[in-house]
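Beneath this line is the structure, given in structure tokens, with notes to follow.
Every chain is numbered from 1, with letters handed out A, B, ... down the list of sequences. Since we're looking at a predicted model, the values are computed, not measured.
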Number of protein chains: 2
Amino acid sequence: MSEELKYWYLRDHKLFWTLSMSQIKQLCIITGFKKAKKNDVIYFSSSDVPRIFLLKKGNIKIVEMDEDGNETIKDIIQKGDLFGELTLENDRNSNEYAKALTDEVAICSFLMSDFENLMLQNPNLALTYTKFVGLKMKRIKNNYSNLISKDAKTRLFTFIKDWAEREGKFNGNKVTIENYLTQADIAQIIGTSRQTATQLLNEMEEKQLIYYSRKEIFIDDITKF
Amino acid sequence: MSEELKYWYLRDHKLFWTLSMSQIKQLCIITGFKKAKKNDVIYFSSSDVPRIFLLKKGNIKIVEMDEDGNETIKDIIQKGDLFGELTLENDRNSNEYAKALTDEVAICSFLMSDFENLMLQNPNLALTYTKFVGLKMKRIKNNYSNLISKDAKTRLFTFIKDWAEREGKFNGNKVTIENYLTQADIAQIIGTSRQTATQLLNEMEEKQLIYYSRKEIFIDDITKF
DNA sequence: TACTTAATGTAAACTACACGACAAATCGCT
DNA sequence: AGCGATTTGTCGTGTAGTTTACATTAAGTA
């Protein structure tokens with residue numbers, strides 16, 4: 001890939017708007033690039049040098065495997081999200097990996113140390129980055145408190161609502177979401193069993209609230225959520 | 001309170017080690033200070049100007065109230081923790097407030113804008129701050145994935161273990177935790193009902209794993225957790 | 001010390017949800 | 001078009017955990 005294209009990939013992202021061309025290039029020189037297709041396992045955090053990843057295209061999930069081989073979804077990463085060691089510190093104990101959810105996935109990565117240096121040179125970048133991380137945390141916190149207090153149905157509702165708001169195509173009160181998740185995925189995210197998720201989704205469909213298919217989810221009236 | 005004391009309060013914190021005296025003073029000038037005792041409601045996020053808070057002493061919980069008046073614990077803040085608008089952005093939609101858990105609570109606060117300016121002047125501060133936020137996020141994430149997959153007993157176990165590791169006084173394998181939480185609090189945190197929490201705690205006591213009282217929790221052998 | 005309030009203990013009835021076990025539908029592939 | 005694989009649909013059955021309801025104990029405080 002040409003340097004120019006890489007440059008564009010980064011430049012495109014809000015986080016780097018404040019940077020000069022030469023600064024971005026400084027990052028780009030060591031930028032790794034990866035493409036993947038559905039269900040590919042993408043990286044193990046215990047791979048090599050600490051990196052920060054930026055998802056340019058598609059959707060992936062971060063999963064953790066416990067001793068018994070049970071997957072738990074730790075995060076869903078969407079286009080434009082940063083992921084990896086957001087703490088800027090590397091610990092390699094965890095048994096995490098990423099899996100592509102969509103067919104076309106493009107990830108670009110850069111070394112943590114380079115990013116750190118750039119932040120030192122450019123305080124504005126640091127500030128923006130901080131806001132990014134903070135925002136992400138707020139989201140997680142909301143999910144969290146949602147999970148513990150509400151029942152499965154409510155959890156599914158809020159999840160779909162959030163999803164719609166983040167990624168849906170609005171048309172008045174009608175929303176269409178490109179569905180790259182299986183019901184099993186959704187179940188994991190909202191913390192319930194696959195069967196229950198299926199039941200609840202069908203229930204919602206019966207009530208004409210949504211139309212579910214493997215490719216898309218259609219919400220008839222988002223205000224009812 | 002004297003300027004010098006305020007200065008000390010901030011200087012004391014890891015986050016500000018990289019700052020020069022004059023920089024800290026710059027923050028201190030607008031530092032607010034609050035004391036509280038047990039069960040006091042401390043602030044509403046929708047109060048006035050956006051601030052960042054630093055808990056100097058004691059423990060507090062951040063609670064959210066829903067329409068029905070149900071409390072959900074969003075966070076437990078410990079001595080040395082920063083809290084408030086970690087996103088560095090203020091949204092005032094949420095119905096959150098903080099409540100003192102211990103009898104002596106000291107909170108110091110500074111204006112978000114001042115902090116932001118300081119970060120611009122001192123990239124190192126930004127970096128440290130980011131790491132702080134990132135670390136906190138990691139913790140929350142772990143709790144999160146713990147919550148969805150495990151049953152109440154396991155959740156209680158991990159909670160107590162974490163608590164011990166963060167705040168407990170170790171004596172070999174024996175640990176003593178100063179207990180500023182009620183069983184109802186604990187129940188909320190691990191996402192179960194008060195009664196279940198009570199039962200499980202008593203069960204653990206019968207098995208001689210812990211000794212529970214309102215003032216402290218004593219763990220006989222932390223390695224058994 | 002007595003009185004009030006908050007925290008803890010206990011038990012029975014009920015329910016949401018998990019889990020196993022298949023059947024049916026849909027997708028991708030050659 | 002046909003075949004294997006993945007995803008979705010649907011049932012019981014079992015159980016962890018909620019809920020209601022009240023008793024007991026500890027902690028403030030007048």
Quick one: list whatever passes side-chain contact (heavy atoms from CB on, under 4.5 Å) with A:E104, sequence neighbours left out. A:K57

So the ring-ring contact (aromatic ring centres under 6.0 Å, His included) pairs with at least one residue in residues 184-224 of chain B (sequence neighbours excluded) are none

Output the rounded distance in Å from OH (B:Y212) to P (D:dT25). 17 Å

Going 5' to 3' through nucleotides 20-30 of chain C, assign each nucleotide B (protein heavy atom under 4.0 Å from a base atom), S (under 4.0 Å only from sugar-phosphate atoms) or - (no protein heavy atom that close). BB----BS---

Provide, to the nearest angstrom, the distance between the NZ atom belonging to B:K150 and the P atom belonging to C:dC17. 20 Å

Return each pair, listed once, that meets ring-ring contact (aromatic ring centres under 6.0 Å, His included) where at least one residue sits in residues 179-207 of chain A; pairs must be two or more places apart or across chains. A:W163-A:Y180

A:K224 and A:N173 side chains, donor-acceptor separation under 3.5 Å: no

Of all residues at least two apart in sequence or in a different chain, which pass the side-chain hydrogen bond (donor to acceptor under 3.5 Å, both in side chains) check with B:T198? B:Q183

Are B:K141 and A:D75 ion-paired here, with the side-chain N under 4.0 Å from a carboxylate O? yes

For A:A187, the side-chain contact (heavy atoms from CB on, under 4.5 Å) test, sequence neighbours excluded, returns A:T192, A:A197

How would you list, by chain and number, every residue that makes a side-chain hydrogen bond (donor to acceptor under 3.5 Å, both in side chains) with A:D220, sequence neighbours excluded? A:K174

Angle class for the B:F110/B:F115 ring planes (parallel below 30°, perpendicular above 60°, tilted otherwise)? tilted

Is there a side-chain polar atom (N or O) of A:T198 under 4.0 Å from OP1 or OP2 of D:dT7? no

Rounding to an integer number of Å, can you tell me how far A:Q199 CD sits from C:dC19 C1'? 13 Å

B:N39 CG - D:dA27 P separation (whole Å): 15 Å

Using the test side-chain contact (heavy atoms from CB on, under 4.5 Å), find all partners of B:K153 that sit at least two apart in sequence or belong to another chain. B:D151, B:F157, B:L200, B:E203, B:K207

Counting only non-hydrogen atoms, which of residues 152-163 of chain A are less than 4.0 Å from DNA chain D? none

With B:T182 via side-chain contact (heavy atoms from CB on, under 4.5 Å) - residues at least two apart: B:A184, B:D185

Terminal helix-axis angle for the helix from C:dT1-D:dA30 to C:dT30-D:dA1, with five pairs defining each axis and rounding to 10 degrees: 60°

Hey, does A:V105 have a side-chain heavy atom less than 4.5 Å from the side chain of A:L55? yes

Near DNA chain D, under 4.0 Å by heavy atom, which residues of residues 178-188 of chain B? none

With a 4.5 Å heavy-atom cut-off, do A:L201 and A:I160 have their side chains touching? yes

In whole Å, I'd like the distance from the NZ atom of A:K99 to the P atom of D:dT6. 10 Å

Whole angstrom value for the distance that separates C1' of D:dT10 from CD of A:E205: 15 Å

If I take atom CD1 in residue B:I217 and atom C1' in nucleotide C:dT8, what distance separates them, rounded to the nearest angstrom? 13 Å

For D:dG17 and B:T196 - does any side-chain N or O of the residue sit under 4.0 Å from the phosphate oxygens OP1/OP2? no

Would you mind telling me which residue lines up with the more 5' stretch of DNA chain C, B:E206 or A:T192, judged by nearest nucleotide? B:E206

Spacing of B:L201 atom CG relative to C:dG9 atom P, expressed in whole Å: 8 Å

Is any side-chain N or O of B:N202 closer than 4.0 Å to OP1 or OP2 of C:dT8? no

Verify the neighbour count for atom NZ of B:K150: are there more than 12 heavy atoms of other residues, nucleotides or ligands below 6.0 Å? yes

